[in-house]
Structure formats: C-alpha cells, structure tokens
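Contents: one structure, followed by commentary.
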Amino acid sequence: MGKPLIETSKVSKVYRMGDVEVHALREVSLTISEGESVAVMGPSGSGKSTLMNILGCLDRPSSGGYWLAGEEVSQLDRNALARMRNRTLGFVFQSFNLLSRTSALENVELPLLYAGVSARERHTRAREALTRVGLGERMHHHPNQMSGGQQQRVAVARALVTRPRLIVADEPTGNLDSRTSIEIMALFQELGRSGITLLLVTHESDIARYASRVVVMHDGRVQSDEQQTPLQAELGPAPAGAEVSP
Amino acid sequence: MSWLQVLRVAVRALLRNKMRSFLTTLGVIIGVSAVIAMVAIGEGAKARVEESFASMGSNLLVVLSGTTTASGAHGGFGSMPTLTWDDLKAMRSEASAVRYASPQLRSTQQVISDDQNWATSINGVSPEYFPMRSWSAAMGSLITQSDIEAGSKVVVLGQTVVDKLYGSNADPTGHSVRIMKIPFQIIGVLARKGQSATGQDYDDAVFVPYTTFRAKIQGGLQKFIAGSIMVGAASGDATVRAQSQITNLLRDRHHIALGADDDFSIRNLAEMANAQQEGVKTLTTLLASIAAVSLIVGGIGIMNIMLVSVTERTREIGIRMAVGARPRDVLSQFLVEALALSSAGGIIGILLGLLAANRLAANFGWPILIRYDIIAIAVGFSGLVGVVFGLYPAQKASRLDPIDALRYE
Ligand SMILES: Nc1ncnc2c1ncn2[C@@H]1O[C@H](COP(=O)(O)OP(=O)(O)O)[C@@H](O)[C@H]1O
Ligand SMILES: [Mg+2]
C-alpha cells in the first residue's frame, strides 16, 4: 500500500437541535492509504454519512483534524474546499444527484466547467468518462430517460472525469438491485486498479466483500477495522455491459 | 469559469422555464417601455413648445383692452375697447424700448377661391407685423406701407390656407380670393411655421392691411382699436423695459389715477412660453418618475422570482457545489440570470416603447421625440435593476452550505 491519502485525528461531529446534542461522530481517527478500497458499514444512524460528508469535504468536523492529500482540510476556507471537491475527489451519492433536464454528457462536464477546462476538452473528457462506464451510446440522454443503474454510472463518470485521487460514495448501490449493484462494484474495482482510492458506505456485506478493508461504525465510533482479500466482481461493465444494450 | 460560460449556463437555466422567465421580465418590459414612451411624448411636447417659442419671437408683448383678473384671464373680452389708434402711434414714437408695434384685428371668415372655400382667421395688420414675428414670404411679397395707405384689397396667405384652397405646393400669387364677397388679390404666401404648443396652427391664417380690414371686414369704432396691439421690443432684454414704458404711457394717456387698475393688459409671450415649457418639463418628469417607479417594481418582481428560483433549485446548487462550484461561481450564475432577465426585458421594453410612441404619434397626432440618451439610460437602469435586485437572491444562493443544499427536499 502507498502513503496515507486520508488521515483523521479525533474527528467529532456534534449536531445541535435545540437543547439536544447529537454526537454523530466521536473522536474518529482513521488512516487510509493511497489505492485502498474501504467499505464503511454499520447500523443506520451510526455516523457513516456524517463521516463521508466530512471526508468528502462537503461538511466540516466540529473538532479534530483532517488531512487529505497533505492538506489540512479543517483549516480550509469555502473556496479551497470547493477546489478540493473539484480536483482531489469525486463524490457519488445514493440518490445519484444528477442535474435534471440536462444530458448525461453535460452532467459529466459539470466538474470540468468549474475546473476552468476549455469547452472542447470538457467534451472530449466527458465522452471518455462516459465510455469508460459503458454509456458511450447514451451521452445525450437525460437522467429521467435512464435506469437507476445508468444514472449511477453517469454519477460515477462525473466523479472520475476530473481524474481524482479519491472517490467517496455514500451507499452508491442503495437504490439499485443486486445485479446492477455488482455492475457498479465492478466499475469501482476497475477504477481501483487504475490507482484511485475508494471509500464507500454500504449496508450489505455482499457489497463490502469487494473492498480491501472493512470499517464498521457504531454510535459514532469505529467499532472494527479489518483488512481482507477483496472478491472480484463478476460482471464486467465495460465495454458495453448487459444493461447498456436495450 | 469564463463569463461567456456563465452566461450560457444562465441562459440555459432561463430557457428551461420560458413562461416563468417571460412573466418575470414582464415588469421590466412594462417599466422600460413606459419610460421610453412617456419620455418620447414629454420630449415631443417640449420640443413643440420650444419650436413655437422660437417662431413666436422672444421679445413680443401683446397689449389688450380691458383688465386681467387675478388668475391672468383676460376679462375685457366683449367689453368696450380702451386702446386707441393714437395709443398705437404714441407707443411707436414715445416708448424707446419699443421697436415695432402693429395692430392685430381678427375675425374668422370664409375665404373663397374659384372652386374651394375655407374658414380661417382673417388678420388686419401693419407691415411691421411680419419682421416682428420673424415671418417671411415663401412666395410673392408681404404687405407694404403703401398698401396700408391705399387700403388695398391684397392678402397674404398662410400655407394651410393655400393647401386647402389650391392644394399643397401650388403657387396662388396673382389669383384672387373673396372674403365677405370682396375680392382680394393674393400677393404672397408665408413660409410654413408649424403648430403652437397648444396645437394651434400658425399657418391657418390670412393677413390683410389693417386699414382694409377696418374698411371692408370689421369696422369698429373709429377712435378705438377693435383688437390688440402686438409689440416687438428692441431686444429680448428690452422686453421688460418696453412693458413698463407702455404701462406708464397708457396709464398717463388714459388718465388712470394712482392706485386704480389698468384698463388694459400686457402679456409677455416669452414668459407665457416659459411657463408652458416649465409645465411640460414638470409633466415629463412626472411621467418619467412614474415609469421609473414601475421599473423598480419590475426589479422587485425579478427579485421575488429569483428568490423562489433559488429555493426551488437549492438541490441543484448543492450538486454544483459538490462537484466544485465555488461560492462566487454560484453568485455569478444567479446574478447573470437576473441580469439576463432584466436586460432581455429592457430590450423588449425599448422595442415596445418605441412602438407605443409611434402608435400614439400616428393615431393621436401627438408629437414625439425619441431620445437616444434616454434609451441608453433605460437599458443601463434595467441592467442595474437586475444587478441590484438579483444580488440578494444570488448571495443567498452562494452562501448555502453544500451539505444543507444537497439535503434540501
Ligand atoms: N443535519 C443533521 N442534523 C441533526 N442530526 C443529524 C444530522 N445529520 C445526521 N444527524 C444525526 O447524526 C447521526 C448520524 O447520522 P448519519 O451520519 O446520517 O448516519 P448513517 O449514515 O450511518 O445512517 C444520527 O443520529 C442522525 O440523526
Ligand atoms: Mg447514511
């Protein structure tokens, strides 16, 4: 394994709702090396999403330190955080979070727009990313014209189009059937082979088996953290996976 | 992100909701078109006043029989005339500030040519009347001193009268017209002067020697002038002096006791024109302010819809931020959307405003004047409205927290 990409030191997150304080994360210290694929598991409400949002630079910890790719994220301002989200990592959501009434191609181009990439290069790179996730034929389709699996692939293409070092995915297969889930996992494994670090939340131990490390959360704490030999996802999505052909 | 890209993103967002975008701009469209049309009308009226002021001459006084009431209305109408022909002579010879003085005797009569007739104002004047008003002949000649002395039956026509009797561009000099069954020889036609501020047509009049007028058209009492006296002061500055000289002269000649009211009145045409111009200016300002207020209301409409739009698109904002949009990218997107809305409204408003002004001019004969600087200001102002009223919603959008925005349902 490579050098550490992610390091957290006693990261806590407290939500205040009126008089009640919810401790979503309690002093979580984690180190994740470049190239690892980490599955985060745990019961609902154990703080998985909160952790992903902080690691994905969408949210900030209430206390503790967080270093990503050598930078102390907890010290960054809003602009620098946006830059981090744009350049260093890609986020994949359970609910896809694609722009509606916007083609797959334009959705994938979006991060490049904010990276200041020229229109022509945006186009080429977005095409490449969509081809890589097996959607080369559906670039001009809108999200509402696509299945859940296809939408999630567009989201993965959007996450990887900026060539990030890290992909953070919060229950990326949560809204998909098991067959489609395995396709997405195969896609992630393929990305892992090209050196991208992967961090994903899942409920299903079936899905977690494809990761090289499993972190189990409980009540805002890391309950267990174990390395494993990942299972290889069977269905190859690229080129042209089963779902792609009508 | 370049501005062009920001603009493209904004325009696409607006086109995604065409009807709403149109309704949003409606306020600005109405505001700008109102400004353009109102100012065109106001400026047109002002220009007409200025024009008539110029054609009237800046140093004219009109002396009338009878007194004026406090409101300035002439109370002597139909009452006994008090101005005499000797008064006129005395004005010419004794008032140093007076350069010209001409009687102005008026009657409305039919003027009949060979095959047409036209009712118009018949004016009995002296030769001085024309240089005093800076009126010149377009064809033929004007009334001379010998016409006065001989009481010649000659007439000078205004252009409108020529148009009605002989058709436009005709040269009627040498022909005869009949006024009250008496033939008058046409010796000249006056250059076209246009309308007064009140819409009175200066060209709809004919002029005859005042001696002929007295003898043939309307007699009146021998000693008294059955009309007014028009006075031209030596210069614009001398007008006020001429007014006081005439007042003193007439009070003296009419034996009016100290403290008693004048039995005549003097009107300063320049002052009247100024007053009228002030009135028009006030009207223009008023119209323009109403229009400007409607533009601001339009701006508030934009702000309202932009706020709704920001709330509705919270999730979109969250997505954009999640993939790397900085606060200022979001700010510029919404600001440019507001700006695009208001500028589009501004452009449509200009076209509609010009159209409305033209329709008014065509249908009601209102004079209009298109002021290009006002158009530029209206465009600039509508852009400003977009920025000012778009800023708050845009700022609201840019200050959203990415995670809160993504969670928004
Ligand atoms: N925005 C929020 N405001 C208040 N409490 C929250 C918020 N987000 C999460 N929580 C609470 O924090 C805890 C952890 O939530 P979360 O990280 O979403 O858990 P998981 O993803 O493991 O289900 C839960 O108790 C949840 O209710
Ligand atoms: Mg969760």
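In this text the structure is predicted, and so the values were computed from the model without any measurement.
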- prompt: Should we say atom CZ of A:R87 is surrounded by more than 12 heavy atoms from elsewhere, each under 6.0 Å from it?
  reply: yes
Taken to the nearest 0.5 Å, the spacing of A:S118 OG from B:Q5 CD works out to 8.5 Å
Minimal heavy-atom distance between B:A322 and A:F93, with the atoms involved, is CB-CZ, 3.9 Å
- Do the side-chain N and O atoms of B:R315 and A:S95 include a donor-acceptor pair separated by under 3.5 angstrom? yes
Bottom line for A:T102: the part with an atom under 4.5 Å from chain B's heavy atoms is side chain
TODO: Check whether more than 12 heavy atoms from other residues, nucleotides or ligands sit under 6.0 Å from atom CZ of B:R359, and answer yes or no.
DONE: no
Taken to the nearest 0.5 Å, the spacing of A:D59 CG from B:I403 CD1 works out to 5.5 Å
Would a 4.5 Å heavy-atom cut-off, applied to side chains only, mark B:V9 and A:L113 as touching? yes
Bottom line for A:L98: the part with an atom under 4.5 Å from chain B's heavy atoms is backbone
Show your reasoning for whether side-chain contact (heavy atoms from CB on, under 4.5 Å) applies to A:N53 and B:R407. CA-CA 11 Å; A:N53 292 340; B:R407 252 191 227 123; 4.1 Å; yes
**Asked** Hey, are the side chains of A:R101 and B:R12 touching, using non-hydrogen atoms and a 4.5 Å cut-off?
**Response** no
When rounded to the nearest 0.5 Å, the distance separating CD of B:E316 from CG of A:N97 is 11.5 Å
Is any side-chain heavy atom of A:D77 closer than 4.5 Å to a side-chain heavy atom of B:R326?
no
### Task
May I ask you to test the B:M321-A:N86 pair for a side-chain heavy-atom distance under 4.5 Å?
no
Residue pair B:I319 / A:R158, side-chain heavy-atom distance below 4.5 Å | yes
So, the part of B:R320 with a heavy atom under 4.5 Å from chain A: the answer is both
**Pair B:D401-A:R60, side-chain contact (heavy atoms from CB on, under 4.5 Å): steps then yes or no** = CA-CA 10 Å; B:D401 207 43; A:R60 287 179 214 253; over 6 Å; no
Between A:R85 and B:A325, the two heavy atoms sitting closest are NH2-O, 4.3 Å
The interface call for A:R122 against chain B, heavy-atom contacts under 4.5 Å, is side chain
